S.K.: 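Structure incoming, see below.
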Amino acid sequence: MKRTHSCGALRDTDINGEAILFGWVQNRRDHGGCIFIDLRDRDGVTQVVFDPERTPAEAFKQAERARSEWVLGIRGNVKDRGTKDDGTSLRNPRLATGDVELIAQEVTVFNKAETPPFEIEDHIKTNEDKRLEYRYLDLRRPKLQRNLIMRSKLNHETRSYFHDNAFLEVETPFLVKYTPGGARNFLVPSRLYPSHFYALAESPQLYKQMLMVAGYERYFQIVRCFRDEDLRIDRQPEFTQIDVEMSFINQDDLFKMIEGLVFRLWKEVLGIDLKQWYPDGTFPRLKFEDSMRRFGNDKPDMRFGLEHVDLTELVVAHKGGGIGMLEPMAQKFADGTYRKDLPEEICKAMVVPNGHGFSRKDIDGLEKYVNGMGAKGLARAKVEGDDGAWVQSPLAKMVTDEFRLAVNEATGAKDGDLILFQFGNEARVHAVMANLRIHLGKLLKLIPESGSAGHWNLLWVVDPPLFEREDGGWAAAHHVFTRPHDECVELLETDPGKVLCHRYDLVLNGFEIGGGSIRLHDPEVQKKVFSAIGLSDEEAQEKFGFLLDALTYGAPPHGGIAIGMDRIAMLAAETESIRDVIAFPKTQRANCLLTQAPTLVTPEQLLEVHLKTIDPS
RNA sequence: GCGGUGGUAGUUAAGUUGGUUAUAACGCCGGCCUGUCACGCCGGAGGCCGCGGGUUCGAGUCCCGUCCGCCGCGCCA
């Protein structure tokens with residue numbers, strides 16, 4: 001018996017022909033006379049009819065015995081589904097093959113099946129641990145099959161696009177030298193060198209730069225990366241990047257190349273023309289500083305408003321505006337402890353239009369939410385009447401009229417609106433307000449809980465600072481080979497916090513789907529960067545010596561980007577978890593419920609790699 | 001590391017102030033049924049209530065510990 005069609009192939013044009021289908025029993029409906037079996041493969045489902053008047057007795061007996069998930073081969077005649085006696089059609093418009101059915105003539109049972117722990121259907125609700133334990137069954141579900149088929153197309157189009165644009169696909173090592181700083185590495189003990197370890201590559205970053213030095217000019221790779229950090233709904237310990245690096249280009253050239261890729265993927269894989277939103281083929285650019293000010297993070301979801309308003313200057317001008325909690329902060333700006341251009345503390349507000357609909361209980365719920373984010377509370381005020389009075393607000397009794405009116409004006413809040421405030425540590429306020437904005441966006445149904453709702457908002461976030469605060473000093477906010485803006489180079493020594501750099505993130509509907517930079521290839525500037533973060537020449541040499549050496553042998557100007565394939569697939573599949581686009585994902589505690597990895601190993605295995613383990617208790 | 005939430009039949013869930021034999025739906029098994037397509041009807045089997053301790057005459061329910069799933073914070077250059 002040889003298969004002639006997939007289970008999703010038959011159409012009314014095949015009527016009166018013969019077909020042989022192989023697949024799994026999706027469903028069996030026994031009517032005492034007729035038996036219907038829905039046969040499923042990765043391509044679809046076809047209804048097979050066992051009719052005592054048209055099906056040989058031997059095949060009919062097989063249908064009586066068959067059960068869910070048995071693997072069958074069925075030869076039969078393709079027939080129109082016809083009509084009922086009253087003339088209504090028996091065709092099933094919900095099925096791609098619903099115009100036809102297969103009248104079984106011969107059945108081969110390739111395999112029987114245990115009753116699966118859950119049904120192989122999209123609509124069945126099963127907890128994720130069970131799904132992961134029986135992942136090979138979960139993966140039979142049409143939804144997951146669609147996701148992985150789509151992901152395969154993303155891979156294919158990505159390769160095709162880069163080959164069309166003269167890129168070379170080059171593989172790089174997974175077993176690499178441990179590099180301190182950044183993400184935690186997985187360690188792999190060396191058998192040949194006692195006490196020595198490889199690290200699993202957290203990305204091919206340094207290798208792709210060396211490929212540029214080697215003159216390969218255009219490199220890409222769809223590559224697995226490993227990071228031993230705690231997991232999230234969009235993070236796995238091993239994940240896939242589209243890794244890209246180009247020589248002799250500037251930021252605009254790189255953007256153009258990646259924009260072309262995203263346009264192509266959406267067109268070819270999803271059938272969506274992004275030109276309807278981005279007619280000139282480019283994505284908008286938003287300065288990091290503006291993104292932080294308006295949205296509180298560097299990956300804003302701009303499908304909706306609820307923008308933040310920075311009130312720090314007002315707080316300072318009004319010396320706290322009568323609100324005791326704001327006074328220490330105002331004082332520190334006044335006496336010069338805090339710089340206005342690099343504030344350590346800020347005050348932000350967000351206006352909920354017509355927020356009077358929020359009850360005390362609703363707002364307490366919001367406060368509970370932000371407290372979970374590390375906030376100390378949620379100051380709020382409902383604006384009422386033509387004079388903009390604040391009501392239902394703990395601030396109302398303290399606030400001066402001048403400050404209240406100034407805040408109303410700055411935020412644009414008017415009668416019926418609700419203002420929410422956060423103040424304190426800059427990073428904390430941004431983070432809390434950014435999360436609160438998303439939370440409210442979903443609560444107010446400005447964006448869906450998950451998914452695009454048919455709206456793809458793409459942008460570049462550009463020009464972030466090169467350094468971030470750390471323990472009173474400065475640390476590299478990105479990798480240390482990020483090129484500062486030329487006009488900022490002298491600030492490296494005088495005012496590192498003000499140095500901006502050629503780093504960029506690609507953002508889609510509030511998810512960072514890619515990030516990269518133009519690299520630093522001038523050894524003099526590189527030294528100044530190391531110096532600013534307190535890294536000595538020796539330390540730099542120890543950590544990155546091989547790349548620093550490489551850069552001295554004629555490095556071309558170069559830059560690149562890494563794009564998160566899992567996140568793109570997740571967003572494109574309109575699913576809320578990265579696990580739905582990965583065939584064999586791990587749990588949030590990085591367990592594999594299917595194989596039980598990680599496991600203990602025997603003393604002999606440990607001895608071979610020269611390790612002793614310590615009982616954590 | 002921290003916070004939240006959950007773990008009861010194969011699966012998904014309900015289970016009241018602690019109180020008789022722990023429910024339901026789907027699935028499974030058997031019977032009936034010739035047009036269903038998440039078929040329908042009748043019947044049946046199926047339980048370490050995550051695990052370990054404690055309180056109590058009595059624990060699915062209360063307390064302590066622990067393991068696991070999920071969500072978030074920290075972390076992720």
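These numbers were taken from a predicted model, which means no experiment stands behind them. First the proteins, then the strands, lettered A, B, ... as listed; each starts at 1. Only this structure's heavy atoms are used, side chains among them; waters, hydrogens and symmetry mates stay out.
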S.K.: Spell out yes or no: do the side chain of A:Glu119 and the base of B:U11 have one donor N/O and one acceptor N/O closer than 3.5 Å?
M.R.: no
S.K.: For A:Phe36, answer base if it contacts any base atom (sugar-phosphate contacts may also be present), sugar-phosphate if it contacts only those atoms, and nothing otherwise; contact means non-hydrogen atoms under 4.0 Å.
M.R.: base
S.K.: Base, sugar-phosphate, or nothing for A:Asn92, non-hydrogen atoms under 4.0 angstrom?
M.R.: base
S.K.: State which of B:C29, B:G1, B:U36 makes the closest approach to the side chain of A:Asp230.
M.R.: B:G1
S.K.: I'd like to know if A:Arg227 reaches the base of B:C76 with its side chain such that a donor and an acceptor end up less than 3.5 angstrom apart.
M.R.: no
S.K.: Between B:C73 and A:Arg232, is there an OP1 or OP2 to side-chain N/O distance shorter than 4.0 Å?
M.R.: yes
S.K.: What nucleotide among B:C37, B:C75, B:G35 has an atom nearest to a side-chain atom of A:Glu229?
M.R.: B:C75
S.K.: From the list B:G27, B:C76, B:G69, which nucleotide is the closest neighbour of the side chain of A:Thr115?
M.R.: B:G27
S.K.: How many whole angstroms separate atom CG of A:Leu436 from atom P of B:C73?
M.R.: 13 Å
S.K.: May I ask you to check whether A:Arg29 and A:Gln47 show a side-chain donor-acceptor distance below 3.5 Å?
M.R.: yes
S.K.: Can you figure out which of B:G35, B:G74, B:U12 approaches the side chain of A:Lys125 most closely?
M.R.: B:U12
S.K.: Would you measure the distance from the P atom in B:G3 across to the matching atom in B:C29 and give it in whole Å?
M.R.: 47 Å
S.K.: Distance check: side-chain N/O of A:Gln588 vs OP1/OP2 of B:C71, anything under 4.0 Å?
M.R.: yes
S.K.: Quick one: sort the A:His485 and A:His502 rings into parallel, tilted or perpendicular, breaks at 30° and 60°.
M.R.: tilted
S.K.: Please state how far atom CZ in A:Arg91 lies from atom C1' in B:G35, giving the value in whole angstrom units.
M.R.: 15 Å
S.K.: Pair A:Gln221, A:Tyr219 - check side-chain hydrogen bond (donor to acceptor under 3.5 Å, both in side chains), show working.
M.R.: CA-CA 7 Å; A:Gln221 188 182 184; A:Tyr219 145 91; 2.7 Å; yes
S.K.: Out of B:C71, B:G69, B:G35, which nucleotide sits closest to the side chain of A:Ile233?
M.R.: B:C71
S.K.: By nearest atom, which of the nucleotides B:U36, B:G35, B:G69 is closest to the A:Arg589 side chain?
M.R.: B:G69
S.K.: Give the nucleotide from the list B:C70, B:G30, B:C73 with an atom nearest to the side chain of A:Arg428.
M.R.: B:C73
S.K.: For B:G6, take OP1 and OP2 only and decide whether either is under 4.0 Å from a side-chain N or O of A:Asn127.
M.R.: no
S.K.: How does RNA chain B look in dot-bracket form if you count Watson-Crick and G-U pairs under 3.5 Å, write [ ] for pairs that cross, and put | where a base pairs with another strand?
M.R.: (((((((..((((.....[...)))).(((((.......))))).....(((((..]....))))))))))))....
S.K.: How far does the C1' atom of B:G30 sit from the matching atom of B:A38, given to the nearest Å?
M.R.: 22 Å
S.K.: Sticking with atom P, work out how far B:U55 lies from B:G43, rounded to a whole angstrom.
M.R.: 46 Å
S.K.: Under 4.0 Å: is that the gap between some side-chain N or O of A:Arg81 and OP1 or OP2 of B:C37?
M.R.: no
S.K.: Answer yes or no: side-chain N or O of A:Glu121 and base N or O of B:G27 forming a donor-acceptor pair under 3.5 Å.
M.R.: no
